[in-house]
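Structure first, commentary second.
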Amino acid sequence: MTTPPAPPLGLPHLAGCPDCGLFQRLPGALPPRAAASCLRCDAVLRRQRRDPFGAPLALILAALLLALVALSLPLLAIDIRGRGEATTLATLPLAFDRYRFWELSALTAATVVLLPVLRLLLLLAVLLGLRLPAPPRRLYLAYRWQAALRPWAMTEVFLLGVFVAYTRLVALAEVEVGPALWALGAVMLAMCAADAAQDGHAVWQALERRGCTAARRPLAGPQLIACTGCGLVSRAAEGARCPRCATRLHRRRPGSVGQAWALVAAAAILYLPANAYPVMTVTYLGRGAPHTILGGAEDLVSAGLWPLALLVFVASIAVPVLKLAGLGLLLVASRRGARGRLRDLMRLYRIVEAVGRWSMIDVFMLATLVALVQAGVLATVTPGLGALAFAAVVVLTMLAAERLDPRLVWDAAERRGGAA
Ligand SMILES: [Zn+2]
Ligand SMILES: [Zn+2]
């Protein structure tokens, strides 16, 4: 190439901590497998991977091929006294729709099938695109979108939900594990390995080097702002667009406290019907009994399945309460400031962010039961209103954690003069 090297779009030696907002100078290159953490709050700012392009590409290709297998072959089949029923991954989410819970159908289809596949395709586009002699300029959008989709692609949570459903089904039927379930397990492993081998910083630098960016020139503005989409630090004006990934740049997320409070309040209100109404009704040999979330955990205890009862209790009851309380605490701290203990608050924030999606286990377990045990003479599982409310609680708390800006906690502490 004869074109002269372009000037960097931002300040590449600086990193803005996404959790506490502190700007820090980073060494130009870290040794392979090394990580740089924030001096103030311990957040990981950058992690160097050994092979950030080749290994993830191979794993993503493998995951996509396995996903094709998982989507086309039978997932689970049951046999209750000679009457059989089978489901595939593609038809499983539709089961809710038969009982007019199309919202649950849409949520399951999106989080288990559509978004994981879409995310894999976007990653594939970026990693393959970067190998082209002239990569398409808008490749930066694909990489930004895949990052946004990451918490909503729930393959591993779904697998755990299927596992819980399986242990319940073996009590009343002969269950046959189909090849798609093994394939889906392999998809999950390949996706996790691909995420572990990925290096967002290296990919963004490569996109910038190859000219796949929103703008060609760095911004000139009055203050340092770190992009929440790609991490680039720019001297920019509030509300300008990141020159690398076109995300709007704000020193702090505008309106985040009010929006997060509204989402937390809505989730807290819906938590009541989620626990009071049955999540499902199990009819067996003509007799039906509604089950609430707590009742489901109790059933597992009485069946002697202690570890599973604990899992369901933690995922469906403890985690939502912990999330609501944790989000409330962080929101109060971001307005009024906290004295000391800020590192602990950041630990809480990271836990709340990481565990939220695991509450979907119950919804996915129910999806599997409803898909397999349907309209039979012997047994039927019908979803209940509690399931809809519960799924809404999970989604709303996940959205609240995304809206919340943890840097405000540090700002408020600084105003109080208590930043540790
Ligand atoms: Zn920090
Ligand atoms: Zn950006």
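Positions are given from 1, in the same order as the sequence printed here. Order of appearance sets the numbers: ligands from 1, and atoms from 1 within every ligand.
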Please answer whether the main-chain N or O of [Y] pairs with a side-chain N or O of [X] as donor and acceptor at a distance below 3.5 Å.
| X | Y | result |
| --- | --- | --- |
| Arg407 | Asp19 | no |
| Arg138 | Ala214 | no |
| Arg343 | Arg40 | yes |
| Arg244 | Cys230 | yes |

(Q) Counting C-beta onward and ignoring hydrogens, is there a side-chain heavy-atom pair between Trp102 and Phe96 closer than 4.5 Å? (A)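 No. Closest side-chain heavy atoms not under 4.5 Å.
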
Check: Who passes side-chain hydrogen bond (donor to acceptor under 3.5 Å, both in side chains) against Trp152, sequence neighbours left out?
Finding: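 For Trp152, the residues satisfying side-chain hydrogen bond (donor to acceptor under 3.5 Å, both in side chains) (neighbours in sequence not counted) are Glu402.
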
### Task
Just jot down the side-chain hydrogen bond (donor to acceptor under 3.5 Å, both in side chains) partners of Glu238, sequence neighbours excluded, or say none.
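Once residues adjacent in sequence are excluded, the partners of Glu238 under the side-chain hydrogen bond (donor to acceptor under 3.5 Å, both in side chains) criterion are His250.
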
Legend entry - Around the Zn ion (ligand 1), number of protein N/O/S atoms which are nearer than 2.8 Å: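 Count of protein N, O, S atoms less than 2.8 Å from the Zn ion (ligand 1): 4.
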
Query raised in the report: Which of these, Val112, Ile361, Thr111, sits in a side-chain contact (heavy atoms from CB on, under 4.5 Å) with Val157?
Result: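 For Val157, the side-chain contact (heavy atoms from CB on, under 4.5 Å) check succeeds only for Ile361.
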
inquiry  = My understanding is that only one of Leu76, Thr108, Leu75, Val164 makes a side-chain contact (heavy atoms from CB on, under 4.5 Å) with Thr368; could you say which?
reply    =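 Between Thr368 and the candidates, side-chain contact (heavy atoms from CB on, under 4.5 Å) is satisfied uniquely by Leu76.
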
- Query: In the shown structure, where waters are left out, how many protein N, O or S atoms lie under 2.8 Å from the Zn ion (ligand 2)?
  - Reply: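 With waters ignored, the protein N/O/S count below 2.8 Å is 4.
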
